[in-house]
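Encoded as structure tokens, the structure appears first; notes follow it.
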Amino acid sequence: LSTRSPPPPSGWAKYPDPEPARQALADHHGVDPAMVLPTSGGAEGFVLLARALHPRHPVVVHPQFTEPEAALRAAGHRVDRLLLGPADGFQLNPAAVPRDADLVVVGNPTNPTGVLHPAEALKSLNRPGRVVVVDEAFMDATDGAQSLISEDMEGLLVLRSLTKTYGLAGIRAGYVVGDPDLIARLAAQQPPWSVSTPAIAAMIACCSAAAEQHRRGLAEALPGLREDLTGKLRTIGLTVIDSQAPFVLVDTSSIDPLRSIRRPLAGRGFAVRRGETFPGLGPTWIRLAVRDPATHAGLVEAISDLVASPEPQNSLPHDSQPDNSKENPR
Ligand SMILES: Cc1ncc(COP(=O)(O)O)c(C=O)c1O
């Protein structure tokens with residue numbers, strides 16, 4: 001150890017004990033601790049369920065975060081997709097889910113569309129012999145009214161992430177809440193000591209009154225800021241999907257019907273998330289984070305500038321070319 005290294009906080013020499021986190025999260029949601037499994041980020045939950053469950057017909061509702069489908073495929077499952085589209089605002093019609101689907105995975109609110117599906121619509125998917133998995137990684141950005149977490153979650157699993165609201169991606173803190181029988185099956189797949197001592201401390205801290213205040217502050221400020229961004233984008237003629245998340249999905253085909261505006265925007269200082277890696281979307285879709293009005297104004301100015309002085313065809317590469325940027329590809 002370098003003499004400049006700080007001493008390890010007390011408790012770090014021991015193997016982690018996730019029980020206090022499980023208890024704190026259970027109290028926080030008003031459920032039995034047997035319904036909660038702390039995980040190494042929400043993403044671990046997808047790997048655990050892909051290994052623990054043996055669905056014959058898993059269906060993933062897209063466009064959504066690509067990790068659930070990737071985890072299912074990596075575990076050897078053949079995954080079917082239900083593609084939602086812009087014509088109906090990327091809303092889920094429960095009747096469109098194949099009747100024999102015995103595992104259904106949906107995001108709520110959904111990344112990247114920002115659509116918040118009504119809890120009743122998702123509950124209506126629940127039936128004997130089917131597991132419904134709802135990724136609520138961004139639910140903290142809402143008032144929580146459409147969450148499926150409740151005392152009775154037979155056949156249901158909800159994945160939560162603490163990395164978004166609290167900016168803790170490097171800590172890897174998430175959890176699954178749901179049917180205790182399913183939770184036990186997921187737990188049986190979890191590597192020993194998967195959730196670290198700092199992650200456990202973060203989970204407990206995220207259940208505190210101070211964390212609640214932080215969450216409320218963000219959730220209360222978000223609608224106004226999102227409206228500001230959406231309004232500014234619509235003013236310049238862009239199609240913006242109605243969002244309940246801290247981001248919005250934008251159709252830029254009115255600017256260029258074929259190619260992404262991501263790279264020219266990066267050249268003007270704005271990093272945006274491309275759409276084409278999400279099943280069901282193409283290069284003319286981008287996802288924009290909700291920030292502050294000044295940043296929104298700068299972004300909209302950069303987009304308008306693109307329209308006024310488009311790049312020559314050959315200097316505006318297709319987004320299918322290799323991308324060495326360091327953004328999260330998910
Ligand atoms: C919709 C969604 N769910 C889950 C995750 C995984 O989050 P975590 O960092 O908790 O693994 C992400 C990360 O980007 C996400 O976008």
Side-chain angles (χ1 to χ4, degrees), residues 18 21 25 36-51 60-72 74 81 84 90 92 104-117 122 132-142 144 146-149 157-178 186 189-191 194-196 198-203 205-207 211 215 218 222 241 243-249 271-275 277-281 285-290 325-330:
L25 291 163
V36 178
L37 181 67
T39 54
S40 176
E44 189 190 31
F46 293 120
V47 175
L48 299 181
L49 73 89
R51 290 179 184 163
V60 177
V61 180
H62 280 295
Q64 74 148 300
F65 184 50
T66 49
E67 216 52 42
E69 180 175 317
L72 285 165
R81 292 175 174 174
L84 309 182
F90 295 97
L92 173 66
V104 180
V105 186
V106 58
N108 207 37
T110 308
N111 173 13
T113 63
V115 170
L116 181 66
H117 302 295
L122 299 182
V132 176
V133 176
V134 185
D135 177 1
E136 294 190 357
F138 288 97
M139 189 57 86
D140 279 339
T142 76
Q146 305 309 321
S147 172
L148 251 53
I149 296 180
L157 289 172
V158 166
L159 277 85
R160 285 290 185 108
S161 167
L162 297 175
T163 68
K164 318 288 169 203
T165 314
Y166 304 99
L168 291 175
I171 291 273
R172 311 307 305 131
Y175 54 99
V176 189
V177 188
L186 264 58
Q189 296 294 326
Q190 197 171 31
S194 181
V195 180
S196 71
I200 290 165
M203 289 173 193
C206 289
C207 295
R215 208 167 35 241
L218 290 179
L222 183 61
I241 303 302
S243 168
Q244 300 293 318
F247 46 77
V248 295
L249 183 66
V272 304
R273 174 64 167 87
R274 63 180 139 175
T277 58
F278 290 104
L281 299 181
W285 292 93
I286 53 172
R287 190 191 69 196
L288 303 176
V290 176
S325 77
K326 291 211 174 67
E327 75 176 318
N328 179 345
R330 275 96 190 202

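Since the model is a prediction, treat every value here as computed from it, not as a measurement. Whatever order the structure lists them in is the order used to number ligands and atoms, beginning at 1.
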Report yes if some N/O of [X] lies less than 3.5 Å from some N/O of ligand 1; otherwise report no.
X    : result
A43  : yes
G42  : yes
S161 : yes

Query raised in the report: Among all residues two or more places apart in sequence or in another chain, which pass the side chain to side chain contact (heavy atoms under 4.5 Å, CB included) test with S40?
Result: E44, R172, S194
Query - Partner residues of P18 under the side chain to side chain contact (heavy atoms under 4.5 Å, CB included) criterion, sequence neighbours left out - result: P38, I200
Report summary line: The answer for which part of E67 has a heavy atom under 4.0 Å from ligand 1 is neither
Query raised in the report: Relative to ligand 1, is R172 under 4.0 angstrom through side chain, backbone, both or neither, heavy atoms considered?
Result: side chain
Going from [atom1] on [X] to [atom2] on [Y], what distance comes out if it is rounded to the nearest 0.5 angstrom?
X    : Y    : atom1 : atom2 : answer
R287 : L249 : CZ    : CG    : 9.0 Å
L122 : L92  : CG    : CG    : 6.5 Å
K164 : D140 : NZ    : CG    : 11.5 Å

Requested in this report: Tell me, with the steps shown, if M139 and V158 meet side chain to side chain contact (heavy atoms under 4.5 Å, CB included).
Outcome: CA-CA 11 Å; M139 189 57 86; V158 166; over 6 Å; no
Report task. Please state whether E44 comes within less than 4.0 angstrom of ligand 1, counting heavy atoms only. Result -> no
Enumerate the atoms of ligand 1 whose separation from the nearest heavy atom of [X] is less than 4.0 angstrom.
X    : value
G41  : 10 (O), 11 (O)
A137 : 2 (C), 3 (N), 4 (C)
T163 : 7 (O), 8 (P), 9 (O), 10 (O)

Report task. Answer with yes or no after comparing the ring centroid distance for F247 and F138 against a 6.0 Å cut-off, counting only values under it. Result -> yes
